[in-house]
Asks: 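To start, I am sharing the structure in question, which I have written as structure tokens.
For reference, positions follow the sequence shown, starting with 1. Just so you know, these numbers come straight off a predicted model, no measurement behind them.
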Amino acid sequence: MRAGGFPEEQVRARARTGAAEAFPPVESYGHEVFGQGSSGAEVVADELDAARLVPPVFMPLRLEKLIDLGREPLQSDVDLTTAVGGFTSALPVFLSAFGSTRIGSSEVSVAASRQAGALGIPMVIGENVVPVTGYRREPAATTGMLARVRAYLDEAGPSLGGVVVQQSTEDADAEVWNLVYSDPAAEPLLASGRLGFELKVGQGAKPGLGGLTVLDRATAARVSEQFAIDDLWSGPGVLRSGSPGTFTDEILRQQIRFMRNNFPRARIWVKLHPGRDVAQAAACAWEAGADAVTVDGAEGGTGWAPRAFLDHVGLPLAECLRRIGTPSGCLLATGRMWEGGRAVKALALGATAVGLGRAALTAVDTDPEHGLRRLVECLAFEVQLLTSALGKYTPAALSGEDVWFPGRSGAADPAPRHRESLT
């Protein structure tokens, strides 16, 4: 597997080594001096990468923590437990949807599910999985939606994390949410309040389009009544296009109300593409009762997409967060997340948690047993270091005052944000 335009080698190093990758090679200690540019990171890709975290000199929250602990606080005193879209997560991190692409539907996705369960973080299962690969009720099935749910539950504890199932237009025709909600295999999730459904409005890789994948001709013939098929190549592959669905503010409200009425035991999430009216759409979703809104910046995407969309369509994540400002509900951010610096900036700008997509797939491809766990452990260690350096001891305490953008005279909006309660 390859991840062009992404810091693939750094992610693979973290998947192999874990938290040690938060530092330069230990062999260089005592032989090199370090400064800006020593991290080996790629050239700045967007505004969020270019921003800097800016610790203050005076830290009243550190003083509060010192009094509470009776000693000077350390980075290990940063509590990363976070309420994410109605679930309790061990970290301000979740596993993003992979969709129905060949990689996202393979055993790599099942391995990622297993590790996400062990980490105690929520997991999203992407749209169009059932129409293309099936629900797979057979106990011996090794891929498909049910295999992912089972893999997650096999490793998850009794209270942390959760599973969120996406649905698109074609999924609705296949009654995916009804299948999951009524399946005895999902009862442990329902009983513990850890099942959610996500309405997919769009995604960062291809804003305004539905799911796009390449199918072999036999599979394409089987799903041709559900999807548009375009014969673009001379080889065995054909393009399968899903519908993006049609939304207005009233349609979105009604969809969320429908979800809450028909699936009262499930949490309700909404995924938005980085559209110019993202703030209006997010506010609409929260007002209608969504437990979480995911904004997928234009830098995001694990799926197949046209080149023009990858390079020219959609707002960058930083601009999405700026337009939303103070969120009135749980805001989740995705788009090129793989290390703690970018994650903490997104958290400071209003996100409750960040999603791992390409980074998660790359990590599991590197090591199917431990790659994602090591990657997340490194990211979590960095988040603790950075949050502590800012004089704060929970992700919820981060705010816009902690971020500085080049060319701007002051910090981002320091106003407090909505944060879910863990109780």
Asks: Answer whether the closest heavy-atom distance between the side chains of Phe94 and Val164 falls below 4.5 Å.
Replies: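 Side-chain contact under 4.5 Å: no.
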Asks: Taking the side chain as every heavy atom from C-beta outward, state whether Lys65 and Glu72 have any pair of such atoms under 4.5 Å apart.
Replies: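 Lys65 does not reach Glu72 side chain to side chain.
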Asks: Determine whether Arg240 and Ile229 make a side-chain contact, defined as any pair of heavy atoms from C-beta on separated by less than 4.5 Å.
Replies: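 They are in side-chain contact.
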Asks: What distance do Cys284 atom SG and Gln280 atom CD have between them, rounded to the nearest 0.5 Å?
Replies: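 It is 7.5 Å, given to the nearest 0.5 Å.
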Asks: For the residue pair Ala346 and Ala333, what are the closest heavy atoms and their distance?
Replies: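 Shortest heavy-atom separation between Ala346 and Ala333 comes out as CB-CB, 4.4 Å.
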Asks: For residues Trp286 and Ala292, report the shortest heavy-atom separation together with the two atoms involved.
Replies: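 In terms of heavy atoms, the two residues are closest at NE1-C, 4.3 Å.
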Asks: Between Asp291 and Arg260, is there a salt bridge with N-O shorter than 4.0 Å?
Replies: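 Between Asp291 and Arg260 there is a salt bridge, with a charged N closer than 4.0 Å to a carboxylate O.
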Asks: Pair Asp77, Arg71 - check salt bridge (charged side-chain N to carboxylate O under 4.0 Å, His left out), show working.
Replies: CA-CA 11 Å; Asp77 296 310; Arg71 61 168 172 79; 2.8 Å; yes
Asks: For Met145, which of Val163, Leu179, Val180 qualifies under side chain to side chain contact (heavy atoms under 4.5 Å, CB included)?
Replies: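 It is Val180, the one option of Val163, Leu179, Val180 that forms the side chain to side chain contact (heavy atoms under 4.5 Å, CB included) with Met145.
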Asks: What's the spacing between Ser113 OG and Glu107 CD if we round to 0.5 Å?
Replies: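 Interatomic distance, Ser113 OG to Glu107 CD, rounded to 0.5 Å: 11.5 Å.
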Asks: Are Arg114 and Tyr152 close enough that some pair of their side-chain heavy atoms sits under 4.5 Å apart?
Replies: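 Of all side-chain heavy-atom pairs linking Tyr152 with Arg114, none is under 4.5 Å.
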Asks: Taking the side chain from Ser89 and the backbone from Leu91, do they hold a donor-acceptor pair closer than 3.5 Å?
Replies: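 A pair under 3.5 Å: yes.
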Asks: A side-chain contact here means heavy atoms from C-beta on lying under 4.5 Å apart; do Phe197 and Trp269 qualify?
Replies: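 Phe197 does not reach Trp269 side chain to side chain.
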Asks: Quick one: are Leu199 and Lys271 in side-chain contact, heavy atoms under 4.5 Å?
Replies: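 SC-SC contact between Leu199 and Lys271 ruled out.
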Asks: Is there a donor-acceptor pair under 3.5 Å between the side chain of Arg323 and the backbone N or O of Leu315?
Replies: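 Here the side-chain-to-backbone pair does not exist.
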Asks: Could you tell me if Arg322 sits above the aromatic ring of Phe405, with its cationic atom closer than 6.0 Å to the ring centre and no more than 45 degrees from the axis?
Replies: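 Yes, Arg322 and Phe405 form such a contact.
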Asks: Ignoring hydrogens, what is the shortest heavy-atom contact between Tyr393 and Pro73? Give both atom names and the distance.
Replies: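 For Tyr393 versus Pro73, the nearest heavy atoms are OH-CG, 3.4 Å.
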Asks: Are Lys392 and Asp402 close enough for a salt bridge, meaning some N to O gap below 4.0 Å?
Replies: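 Salt bridge flag = yes for Asp402 with Lys392.
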Asks: Is it true that a side-chain atom of Glu339 and a backbone atom of Val11 form a donor plus acceptor pair closer than 3.5 Å?
Replies: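 Side chain of Glu339 to backbone of Val11, a donor-acceptor pair under 3.5 Å: no, none is there.
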Asks: Which value, rounded to the nearest 0.5 Å, describes the distance between Met59 atom CE and Leu66 atom CG?
Replies: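 CG of Leu66 is found 13.0 Å from CE of Met59.
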Asks: Considering non-hydrogen atoms only, spot the tightest contact between Gly196 and Ala266 and give its length.
Replies: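 So the two residues come closest at CA-CB, 4.4 Å.
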Asks: Considering only distance and modelled atom types, tabulate donor-acceptor pairs under 3.5 Å from the side chains of residues 369-378, sequence neighbours left out.
Replies:
from	atom 1	to	atom 2	distance (Å)
Arg374	NH1	Ala15	O	3.1
Arg374	NH1	Asp367	OD2	2.8

Asks: Given Val270 and Glu198, is the side-chain contact (heavy atoms from CB on, under 4.5 Å) satisfied, shown in steps?
Replies: CA-CA 5 Å; Val270 175; Glu198 181 172 73; 5.8 Å; no
Asks: Whether the side chain of Glu299 engages the backbone of Leu317 through a donor-acceptor N/O pair (distance < 3.5 Å, no angle test) should be reported.
Replies: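 Present.
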Asks: Would you find a donor on one side and an acceptor on the other, under 3.5 Å apart, between the side chain of Lys345 and the backbone of Asp49?
Replies: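 Indeed, once roles are kept as given, a pair shorter than 3.5 Å links the two residues.
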Asks: Assess the residue pair Val354 and Leu332 against the criterion (side-chain contact (heavy atoms from CB on, under 4.5 Å)); give the C-alpha distance rounded to whole Å, side-chain angles, the decisive distance to 0.1 Å, and a yes or no.
Replies: CA-CA 6 Å; Val354 298; Leu332 309 180; over 6 Å; no
Asks: Can you pull out every salt bridge (Lys or Arg N to Asp or Glu O under 4.0 Å) where at least one residue sits in residues 186-195? Sequence neighbours excluded, please.
Replies: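 Residue pairs passing salt bridge (Lys or Arg N to Asp or Glu O under 4.0 Å), neighbours aside: Glu187-Arg265.
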Asks: To the nearest 0.5 angstrom, please state how far the CD atom of Gln115 sits from the CD1 atom of Ile121.
Replies: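 The CD atom of Gln115 sits 9.5 Å away from the CD1 atom of Ile121.
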Asks: Between Leu119 and Ala90, what is the shortest heavy-atom contact and its length?
Replies: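 What the structure gives for the nearest pair is O-CB, 3.4 Å.
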Asks: Hey, could you give me the CE/OG distance between Met337 and Ser96, rounded to the nearest 0.5 Å?
Replies: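 The distance works out to 9.5 Å.
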Asks: Is there a side-chain contact (heavy atoms from CB on, under 4.5 Å) between Val165 and Val124? Walk through the geometry before answering.
Replies: CA-CA 6 Å; Val165 178; Val124 184; over 6 Å; no
Asks: How far does NZ of Lys200 sit from CD of Gln166, to the nearest 0.5 angstrom?
Replies: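 Here the rounded value is 5.5 Å.
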Asks: Go through the side-chain N and O atoms of Thr394 and Asp79 and say whether any donor and acceptor fall under 3.5 Å apart.
Replies: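 The answer is no; no qualifying pair exists.
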Asks: A side-chain contact here means heavy atoms from C-beta on lying under 4.5 Å apart; do Leu48 and Arg342 qualify?
Replies: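 Touching, per the 4.5 Å side-chain cut-off.
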Asks: Considering non-hydrogen atoms only, spot the tightest contact between Pro158 and Ser192 and give its length.
Replies: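 In this case the closest contact between Pro158 and Ser192 is O-CB, 4.1 Å.
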Asks: Test Pro7 against every option in Arg14, Arg336, Arg358, Arg12 by the side chain to side chain contact (heavy atoms under 4.5 Å, CB included) rule and name the one that passes.
Replies: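 One option only clears the test, and that one is Arg336.
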Asks: Find out whether Cys320 and Val295 are in side-chain contact, i.e. whether some heavy atom of one side chain is under 4.5 Å from a heavy atom of the other.
Replies: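 Side-chain contact under 4.5 Å: yes.
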Asks: So, does Glu382 use its side chain to make a donor-acceptor pair with the main chain of Gly340 at under 3.5 Å?
Replies: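 Answer holds: yes.
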Asks: Any sub-3.5 Å donor-acceptor pair from Gln203's side-chain atoms to His273's backbone N or O?
Replies: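 Side chain of Gln203 to backbone of His273, a donor-acceptor pair under 3.5 Å: no, none is there.
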Asks: Look only at the side chain of Thr362 and the backbone of Ala360, and say whether a donor-acceptor pair between them is shorter than 3.5 Å.
Replies: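 No, Thr362 side chain to Ala360 backbone: no donor-acceptor pair under 3.5 Å.
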Asks: Taking Thr387 for its side chain and Val383 for its backbone only, find out whether a donor-acceptor pair lies under 3.5 Å.
Replies: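 Flag set: sc Thr387 to bb Val383 pair under 3.5 Å.
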Asks: Using a 6.0 Å cut-off, check whether atom CZ of Arg276 has over 12 heavy atoms from anything other than its own residue.
Replies: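 No - once you tally the heavy atoms of other residues, nucleotides and ligands closer than 6.0 Å, there are 12 at most.
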